[in-house]
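Data block below; observations after.
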Amino acid sequence: MYASNLYAPTLREVPAEAEIPSHQLMLRAGFIRKAAGGVYTYLPLAWRTLRKIEQIIREEMDAAGGQEIAMPIMQPSELWKESGRWEVFGDEMFKVNDRHGREFCLGPTHEEIITDLVRNEIRSYKQLPVLLYQIQNKYRDEIRPRFGLMRGREFIMKDLYSFDKDESGLDISYQKMYDAYTNIFNRCGLVFRPVEADGGAIGGSNTHEFTALAQTGESEIAVCTKCDYAANNEKAELALIEAPAETELALEKVATPDTKTIEAVIEYLNLPIEKSIKAVAFEDEHDRLICAFVRGDHEVNEVKLQNAVEAVSLRMADENVITAAGGVAGFMSPIGLDRKKAVVVVDQSVMAMKNACCGANEADKHYINANPQRDFGEAIVKDIRLIAAGDPCPHCGAPVEITRGIEIGQVFKLGTKYSNAMHAGFLDENGREKPFVMGCYGIGVSRTMSAAIEQLHDENGIIWPKAIAPYEVAIVPINAKDEAQMELAETIYQALKNAHVDVLLDDRKERAGVKFKDADLIGYPVRITIGPKAINEDNIETKVRKTGEIFNFTKENYLVKVQELLQDL
RNA sequence: CGGGGCAUGGCUCAGUUUGGUAGAGCACCUGGCUUGGGACCAGGGGGUCGCAGGUUCGAAUCCUGCUGCUCCGACCA
């Protein structure tokens, strides 16, 4: 490709709308342009990178037994009503009507379509397993699209669906995908961790998210400093704490004026924060009052709490509702709460506390020497707290770190949720009707491109890993009017091209500085500079974008040397 | 959905407080000059100031409504 023909409008200034590096750089380097909020045009450079990512995905999916198909973007409402998700997805789906008033949606995902497809064709266990995938646009009317391609309303996703005859078959398909994902993200040059995650509303039994580590990521993950345990912080489990060998003292009510916060209470009573119990009140979708209790220095994990009480959604409780249940906001405890009006959930670590301080359900009063085992009464006891840095790893006990990441893929055991809802089954060895045991496996393709940039860039621009760079090598003649330089550049260009290197020749009639700046901004892994030194001293100057290293090759050896260089990028 | 902010040429922004001939830098076009890190000189083109109303002799500027973008929060396979 000649740069003079490339549609890659670079910007010197950062567009005001872009907040994070990947978004800014993709706009500045001429990769994307916005058409509407969360909707982008991919320009040639972005499209090349996306196609390379897709190709890696295809190769790994095919190697794992997947077959590529293409399902419709526009999907009939009937299938969604059958699975029950027409309402569940609700406002997050783009819905359209045809001229007859029939309802359709723009596919936010494809479980319904694929389940319908397979149930019509697969009749026997002998035909299983089936692994089908596609790479295609998805549509979600996100409440808040942001960060460019990171959270768009239209985005590219690879989704594969597995159909097995039983759980053990699903386990095999799941493992294949897990391994394939590991290969894919390694080949893309990303730093990532597969992390355990919560199933959420989709309702699966087991799931891992593949998270690219990046400070700008939207999800928090807990990573063990010693073993390979890593989990989304919503999921990260906490080991039981043993109760200290302490004599239980008698419960005592004390006056604690103006102490609505934990900090105020412990200061007033001069207690360590580990001796205090914090209360947080929620209401669920059925307006049930859920009162959660954790140690003073801990935070409530809303997802765990939600699972503990089998709620779909939680919101902060209204003060009147707390009062009606016998509680006093700011001074709440399980002692004296009306169990008919409040569901009490106590974190497991609280149950191991001795002689603790908690609210008295009375304004400006707290109990001291509360012993949960003895005093709290009826309660759901579960792990409901948020993991924090330094907490012990549930596998090996070493401290965990909390870090941020970008969720670029997930593998999910669906089980029979959709096959049951949509009556999708087959006949087993005994001639009995059975539902498919399904899995779904997604990769955010356009998001992966963003994540790569978030992980690898500097103040000058993007630094592409070779495998997904739009071009691997850029040749920059210093002076476009110098015929000797242009001729040599062209020779090198043709030679690299013939060697199947993705190469670009910057033949624009620009000054050298402009071309250097653009090359750094766009992020070609390798740059070959053709100036006087190349003509007079046989110095084919070759620079590695990532390290800044400069190699002085010759006309004789550059072809081999450049390809060697690329091996390690 | 709640709370902020913004909307002026392709981009970044000034001008709005206090109404009076629409500006700068970059980008673009022409000519010259220059060529190892976003040059320089001269000339030039391009904007119904987001949209719709209103106030006024006169509105980018004041008022009302709307739309879009954006940030924080809530939400999120």
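Small disclaimer: the values here were computed from a predicted structure and weren't measured. Letters go in sequence order (proteins before strands), and every chain restarts at 1.
If you take CZ of A/R33 and C1' of B/G10, they are 10 Å apart, rounded to a whole angstrom. Separating the CD atom of A/Q136 from the P atom of B/A77 is a distance of 21 Å, rounded to the nearest angstrom. Atom CD in A/E142 sits roughly 15 Å away from atom C1' in B/C1 (whole-Å rounding). Atom C1' of nucleotide B/U70 and atom CZ of A/R144 are separated by 8 Å, given to the nearest angstrom. Here the C1' atom of nucleotide B/C72 and the CD1 atom of A/I143 are 14 Å apart, to the nearest Å. For the pair A/E13 CD and B/A27 P, the interatomic distance rounds to 10 Å; values are reported in whole Å. Taking atom OH of A/Y441 as the reference point, atom P of B/A77 lies 19 Å away to the nearest angstrom. The interatomic distance linking A/M93 (CE) with B/C75 (C1') rounds to 16 Å, in whole Å.
Nucleotides B/A59 and B/U21 have their C1' atoms positioned 14 Å apart, rounded to a whole Å. Of the P atoms belonging to B/C13 and B/G65, the separation is 28 Å, rounded to the nearest Å. Taking the P atoms as reference points, B/G23 lies 14 Å from B/G9, given to the whole Å. Comparing B/A60 with B/G19, their C1' atoms are spaced 10 Å from each other, to the whole Å. With C1' as the reference atom, B/G46 and B/A22 are 13 Å apart, rounded to whole Å. If you take atom C1' in B/U16 and the same atom in B/C1, they sit 32 Å apart, rounded to whole Å. The P atoms of B/G73 and B/C41 are separated by 46 Å, rounded to the nearest whole Å. A distance of about 26 Å separates the P atoms of B/C62 and B/C71, rounded to the whole Å.
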Checklist entry - When you check every protein heavy atom under 4.0 Å of nucleotides 34-42 of chain B, what one-letter string (B, S, -) results, 5' to 3'? => result BBBBBB---
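Residue A/R146 places at least one side-chain N or O closer than 4.0 Å to OP1 or OP2 of B/C72.
Open room surrounds CD on A/E487; 12 or fewer heavy atoms of other groups in view lie less than 6.0 Å from it.
A donor atom on one side chain and an acceptor atom on the other are found under 3.5 Å apart for A/D179 and A/Q175. A/Y441 and A/S162 share a donor-acceptor pair across their side chains, judged by distance under 3.5 Å alone. A/H423 and A/E82 are not linked by any side-chain donor-acceptor pair at a separation below 3.5 angstrom, with hydrogens and angles left out of the test. Under the 3.5 Å distance criterion, with hydrogens and angles disregarded, no donor-acceptor pair is assigned to the side chains of A/E196 and A/H208. Under the 3.5 Å distance criterion, with hydrogens and angles disregarded, a donor-acceptor pair is assigned to the side chains of A/Y139 and A/E154. Under 3.5 Å, the side chains of A/E407 and A/S219 contain no donor-acceptor pair of N or O atoms.
Across all strands shown, the partner of B/A7 is B/U67, judged by Watson-Crick or G-U wobble contacts whose two distances both fall under 3.5 Å. Applying the Watson-Crick and G-U wobble criteria (two distances, each under 3.5 Å), B/G2 pairs with B/C72. Nucleotide B/U56 forms a pair with no other nucleotide shown, judged by Watson-Crick or G-U wobble geometry with both contacts under 3.5 Å. Under the Watson-Crick and G-U wobble criteria, each requiring two contacts below 3.5 Å, nucleotide B/A77 is left unpaired.
If you check every strand for non-hydrogen atoms under 4.0 Å, A/V476 touches nothing. Note on A/R151: a base of the nucleic acid sits closer than 4.0 angstrom, heavy atoms only. If you check every strand for non-hydrogen atoms under 4.0 Å, A/P108 touches a base.
Listed by first then second residue, pairs satisfying ring pair (Phe, Tyr, Trp, His ring centres under 6.0 Å) with a partner in residues 64-85 of chain A read A/W80-A/F89, not counting sequence neighbours.
If you find the closest nucleotide of RNA chain B to A/A16 and to A/K138, the one lying nearer the 5' end belongs to A/A16. Comparing A/H110 and A/E19, the nucleotide of RNA chain B nearest to each residue sits closer to the 5' end for A/E19.
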Item to check | Test log, rule side-chain contact (heavy atoms from CB on, under 4.5 Å), inputs A/V411 and A/Y174 | outcome: CA-CA 7 Å; A/V411 290; A/Y174 187 88; 3.4 Å; yes
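Closest to the side chain of A/K34, from the set B/A77, B/U70, B/U12, is B/U70.
The base of B/G68 is not paired with the side chain of A/E17 by any donor and acceptor separated by under 3.5 Å. Judged by distance alone, with hydrogens and angles left aside, A/R140 brings a side-chain donor or acceptor within reach of the base of B/A77, the pair sitting under 3.5 Å.
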